[in-house]
Amino acid sequence: MSYPTKTPDPQPDPQPQPDPQPQKYIRKNVWANGGTFDDPTILWYARGVAAMKARALAEPTSWRFYAGIHGFNAQLWTIDGYLSSTDQLPTAQQQQLFWRQCQHGSWYFLPWHRGYLLALEANIRAAVIAAGGPSDWALPYWNYFGGGTQNQLPPAFASPDWPDGTGDNPLFVTQRWGPRDDGDVFVPLDQVSLEALSVPEFDGVPPPGDPGFGGIDTGFSHGGRTHGDLESDPHDLVHVFVGGGNPQRPNLPGLMTNPNSAGLDPIFYLHHSNIDRLWQSWLLEPASEGNPTDANWLNGPAASGQREFVMPWPDGTNYVYTPGDVGDLAQLDYEYDDYTPGAAMEPESVSARRPRRRRTFGAGLESREGAAVASRGRNVELVGANDQQVSVAGRAESRATVRLEEGPRRKMQESIARASQEGPGGGEPDRVLLNLENVRGLSDAAAFEVFVNGRSAGSVALFGVTEATSAEDEHGGAGLNFVLEISGIVDELHLGDELDANALDVRIVPVRNVPEEANVTIGRISVARQGR
Ligand SMILES: [Cu+2]
């Protein structure tokens with residue numbers, strides 16, 4: 001399909017219009033003009049960031065106050081040089097209202113971050129205008145999938161200097177170590193994918209089922225355990241590949257690597273601008289079922305007595321919003337210049353190497369376009385699990401055997417056999433999901449690729465794991481859960497008559513060094529089927 005580059009304007013109406021359509025701000029690709037300070041959008045972003053950075057921490061429109069809205073950890077900020085003993089923190093009331101708000105592991109992930117970006121953008125724009133800059137300034141996005149060198153950190157962010165050679169480039173941070181922890185910052189395209197965009201449901205089912213494109217139904221969730229499909233890949237992976245870890249100090253994450261420091265890095269907002277753009281790309285996919293219509297999503301957690309989503313606006317007022325307020329881009333004051341998810345994925349990308357169900361079966365999502373699409377089954381059954389905790393350390397692979405129970409395995413195989421023999425009329429085969437349960441550890445930078453019977457099932461990044469491992473965490477330190485769809489792999493095994501073995505062989509391969517001291521463990525590895 002083709003993607004519109006712009007929302008079409010409504011047809012001219014012969015009747016007089018009381019309110020003309022307000023002009024939209026256009027968010028553009030940061031690489032459109034080479035990603036340097038020659039691009040006025042980037043230059044003015046830098047000046048706006050500098051203005052926010054010049055404000056005191058306790059000022060609601062300061063750079064650090066905004067980072068604290070996402071997450072805050074005094075120890076981490078102090079080590080990284082963003083908090084000193086002379087800083088006055090916001091009052092307890094201010095902190096309770098605004099700070100530690102970010103929504104992860106939740107169906108609120110996308111709408112919360114959309115409002116966060118809107119407010120940050122409004123603050124930067126106000127600073128830009130105050131300095132005599134363009135009144136239509138809009139936040140750019142970093143589309144690492146855009147082809148060519150676009151997976152590299154844009155040059156304006158990579159140098160400590162302004163274009164005139166003087167230091168203090170506000171877009172530069174030292175704690176950005178990249179995927180190899182050596183300071184070379186890029187997104188390795190063989191570890192990320194756009195597979196989330198082919199998931200039809202916004203809200204999925206809790207583990208061990210598919211968490212859906214946008215995440216599972218939760219209340220206010222500052223640090224949820226199970227991330228939605230887009231949140232896991234590419235969102236989490238890009239965070240930890242950009243931030244990396246300090247090679248001199250194991251377990252010390254780059255700013256982007258930990259949710260409690262990510263908002264301090266100016267590249268954060270361009271990454272999230274791209275994630276926000278991909279939400280709209282997904283809505284434009286024929287198979288997409290659209291945003292939730294459930295009142296609990298539309299009205300947000302405040303409707304049931306929990307915290308509200310609220311941002312400090314540049315004029316001193318508060319911007320309070322719900323997911324329903326921000327779910328439809330047509331109702332907002334901005335749009336993107338392009339909704340193509342990724343122009344040129346490298347041929348060696350994970351998604352190209354990974355077997356995909358829609359290629360294996362004629363009854364894939366595409367062939368059902370236009371037909372009355374019955375929503376897919378949401379019944380989940382455990383098919384099997386390994387029998388002990390798995391440790392991951394260094395660069396060494398870890399191995400586990402997942403034994404499959406006779407009954408559920410046969411049901412799963414029968415549904416696949418029916419679908420493959422009868423083609424489009426054979427019904428939707430079971431989806432098969434690999435679960436990494438209770439993943440704990442002290443290195444948010446850790447990332448690994450997971451293989452099932454020698455085939456790549458995708459990569460996961462442990463963004464948020466340190467917090468999820470702490471006993472003070474809202475889930476008592478139970479760790480994170482990861483869900484990888486392995487339907488395509490199981491289809492291949494079925495077609496190759498390799499599925500009769502009563503077990504699957506799972507290999508966990510670190511894509512970067514996992515410090516020994518981080519004690520990264522996977523509580524259990526299991527396989528579930530999801531169907532009718
Ligand atoms: Cu993020």
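Being a predicted model, the structure only gives us computed values, none of them experimental. Count residues from 1 along the sequence.
- With hydrogens and angles disregarded, a donor-acceptor distance shorter than 3.5 Å links the side chain of Arg225 to the backbone of Gly479.
- With a 6.0 Å cutoff to the six-membered ring centre and a 45° limit on the axis angle, Arg55 does not count as a cation-pi contact of Trp63.
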Handout entry: Working for side-chain contact (heavy atoms from CB on, under 4.5 Å), residues Trp31 and Asn143
Key = CA-CA 8 Å; Trp31 272 100; Asn143 179 17; over 6 Å; no
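- When ring centroids are compared, His104 and Phe463 come within the 6.0 Å threshold.
- Using a 4.0 Å cut-off between charged nitrogen and carboxylate oxygen, Arg114 and Asp276 count as a salt-bridge pair.
- Between the side chains of Tyr269 and Tyr116, at least one donor N or O lies within less than 3.5 Å of an accepting N or O.
- Residue Leu171 holds its CG atom at 6.5 Å from CH2 of Trp162, rounded to the nearest 0.5 Å.
- More than 12 heavy atoms of other residues, nucleotides or ligands sit less than 6.0 Å from atom CD of Gln101.
- Scanning all heavy atoms of the two residues, the minimum distance from His227 to Pro211 falls at O-CG, 3.4 Å.
- In terms of heavy atoms, Arg307 sits closest to Phe98 at NH2-C, 3.7 Å.
- When side chains are defined from C-beta on, Leu298 does not count as touching Asp294, because their heavy atoms never get closer than 4.5 Å.
- Checked against the 6.0 Å centroid threshold, Phe213 and Trp279 do not count as a close aromatic pair.
- Judged by a 6.0 Å distance limit and a 45° cone about the ring axis, Arg27 is not positioned over the six-membered ring of Tyr141.
- Here Arg64 pairs with Asp87 in a salt bridge; the nearest charged N to carboxylate O distance falls below 4.0 Å.
- Between Trp137 and Ile129 the shortest side-chain heavy-atom distance does not fall below 4.5 Å.
- Between Met311 and Ala119, the shortest heavy-atom distance links the atoms CB-CB, 3.4 Å.
- Aromatic pair His235/Phe109: centroids less than 6.0 angstrom apart.
- Side-chain contact between Pro259 and His70 is present, with heavy atoms from C-beta onward closer than 4.5 Å.
- Atom-to-atom distance recorded for Trp142:CH2 and Leu270:CG is 9.0 Å, nearest 0.5 angstrom.
- Look at Asp136 and Arg125 and you find no salt bridge, because none of the NZ, NE, NH1 or NH2 atoms lies under 4.0 Å from a carboxylate O.
- Contact detail for Ser288 and Leu283: the closest heavy-atom pair is OG-CA, 3.8 Å.
- Between Asp265 and Arg176 a salt bridge is recorded (basic side-chain N to carboxylate O distance below 4.0 Å).
- Summarising the local packing, CG of Asp182 is surrounded by more than 12 heavy atoms from other residues, nucleotides or ligands at distances under 6.0 Å.
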